[in-house]
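Data first, discussion second: the structure below is written as structure tokens.
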Number of protein chains: 2
Amino acid sequence: MSNPIRARSPSPVRKVAAAVKDSKAPAITRAAAILRLLGRSDRPLGVQAIAKELGLVPSTCLYVLRALAEEELVSFDADTKRYALEAGVLTLARHWLRRDPFNDLAQPLLDRLAQRFGLTMLGVQAVGLDHMIVVAMAQSGSGFQLSTQIGSRFPALISATGRCIAAFGDYPEAVLKARFDQLRWDDPPAFEDWMAQLRQTRAQGFAVDEGQYIAGVTVVSAPVWKGAGRPVHALVAIGIGAALGRELGALQDALVEAAGALSGQLGGGA
Amino acid sequence: MSNPIRARSPSPVRKVAAAVKDSKAPAITRAAAILRLLGRSDRPLGVQAIAKELGLVPSTCLYVLRALAEEELVSFDADTKRYALEAGVLTLARHWLRRDPFNDLAQPLLDRLAQRFGLTMLGVQAVGLDHMIVVAMAQSGSGFQLSTQIGSRFPALISATGRCIAAFGDYPEAVLKARFDQLRWDDPPAFEDWMAQLRQTRAQGFAVDEGQYIAGVTVVSAPVWKGAGRPVHALVAIGIGAALGRELGALQDALVEAAGALSGQLGGGA
DNA sequence: GCGAAACATTCAATATATAGAACACCATTC
DNA sequence: GAATGGTGTTCTATATATTGAATGTTTCGC
């Protein structure tokens, strides 16, 4: 894996079979699984390889691939008979990014903070309680950097941002507990301690994770509101804990201020 | 439209019906059409609106949307019953970008050239003879800029890059003619002149478009090879023709040099 | 250069995704 | 406050997408 900050590991592929069963449009479930598999693979794949990996019937797999190729979501090399992701996915992603003003407005703020503190900054969007996705990133460019990529996914409740999502989301404790128990930390907090941290997060308006998710790495996260209800975005700072030192206070202030300003621009209530 | 450099206009939506007929996996055709429609729309849409726009049966449309939502390619607001693109498309795009070293390697070159000449620079990938897609972009940041966005699509044979694709693609003249006739330029060249320009492009290793595609805008494009065969990528410079003036020569040299260096890194033949 | 394995692809029977009507649920409007 | 037009959603018969075996097609080993 080329991702220094680990994202969730690929789920057991045999889940595809179960998902297909319940769906009223199984072809789409299969198509999505194929797209994800092709994305995961670092080389183009043939029909058989795809079908075997996902537990699909080869002929069905072929028809799905042809339909995807027709839509330019998948490329087909007529010589090698191999399939790969095609640039069409990029077009969709561009439209998605354009649809949400957060993605445009967050970037300059992230750039400035990354520059000022020499850190990696992220803009993150929560997708329900399942996970969050990195939608914007800025790096200072100097020295070592912790890096992740736009589009990377993480469990929704992990680390500092997870505390923000939980703290301001107004979810029942039982629901949080169920999700919490599935998280994997380097230094897992006890659920009671974590709940106490949520209260603190609510009180101070931001969350901090000092080496619990990843040893030695400090993460600071502040929620961004777009309207009433629960926040779906957050600004995140990631740095080596030891290197941050006494700058941590200033970073927290700057992050909260930026998140507040952004909430204002997006028309979000407090 | 928020795109100063015009991309192809959305195709007649009634084509969906025809495409669905011929496919062995019509659900996927429908799903792709829905995703594109949602991308095009600047607001979330309801089931009926989507179905009507694409000529689909509402119930079928609902099932497709549910499947897409299950795959997190589409978001569903339970309160308003509206659907929109979801962040999952971004995850796919990230994987696509990572798969091709061109996307990583081109960026620093584009940055440098954009800075040096104060222009907008693009990395472009051809998708057959249908169109090309912007996969990387750099802007100088100072003054007025012609802008487009990553993921934008253009007809494959248009402008300077189109000449590169045609010149080095080794396509039959009849095929080129058919595509050429569908292009829309501000100042369309005659086919014979265009063919002559292709010969010149082959000879000098790059192509120039001085106000033909868009009046007043000069485009310079140099092909990038990844292996043997036809080039699929190109580096592109876009600037106001009048402002370029005598820098054009230096720009051409720098662009060709960068494209050559990139071809070398990618293991492309001459 | 031959045989055989592995592959992509086609084909026909059937399980099932889909179409269209019926239903339920809001909002407005009279 | 009943009626109307607009939603989203369920239901069921049928057209059809899917399946698994059969057929070409390539690739590999000997």
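Chain letters run A, B, ... following the sequence lines, proteins first and then strands; every chain starts at 1.
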Regarding B:Lys177 and the six-membered ring of B:Phe191, is the cationic atom NZ or CZ under 6.0 Å from the ring centre and inside 45° of its axis?
->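 So B:Lys177 does make the cation-pi contact.
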
Cationic tip of B:Arg30 within the cone over B:Tyr63's six-membered ring, i.e. under 6.0 Å and within 45° of the normal?
-> no

Nucleotide [N], atom [atom2] - distance to [atom1] of [X] in whole Å:
X       : N      : atom1 : atom2 : answer
A:Ile50 : C:dT9  : CD1   : P     : 11 Å
A:Lys24 : D:dA17 : NZ    : C1'   : 15 Å
B:Leu56 : C:dT18 : CG    : C1'   : 12 Å
A:Arg30 : C:dA17 : CZ    : C1'   : 10 Å
B:Leu54 : C:dT18 : CG    : P     : 15 Å

When A:Asp79 and A:Ser59 are each assigned the nearest nucleotide of DNA chain D, the 5'-most assignment goes to A:Ser59

Between D:dT9, C:dT10, D:dA17, which nucleotide gets closest to the side-chain atoms of B:Arg66?
->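 The closest nucleotide is D:dT9.
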
Among the nucleotides C:dT9, C:dC11, C:dA17, which one has an atom lying closest to any side-chain atom of A:Tyr63?
->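 Of C:dT9, C:dC11, C:dA17, C:dC11 is nearest to the side chain of A:Tyr63.
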
Donor-acceptor contact present, side-chain A:Trp96 to main-chain A:Asp100, <3.5 Å = no

Test: B:Glu53 and B:Arg40 ion pair at under 4.0 Å = no

Parallel, tilted or perpendicular: ring planes of B:Phe180 versus B:Trp194, cut at 30 and 60 degrees = tilted

Verify the neighbour count for atom CG of A:Asp181: are there more than 12 heavy atoms of other residues, nucleotides or ligands below 6.0 Å?
->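 Buried by this count: over 12 neighbours within 6.0 Å.
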
Under 3.5 Å, N/O pairs linking protein and nucleotides 4-8 of chain C:
from, atom 1, to, atom 2, distance (Å)
C:dA8, OP1, A:Val47, N, 3.0
C:dA8, OP2, A:Gln48, N, 2.7
C:dA8, N7, A:Gln48, NE2, 3.3

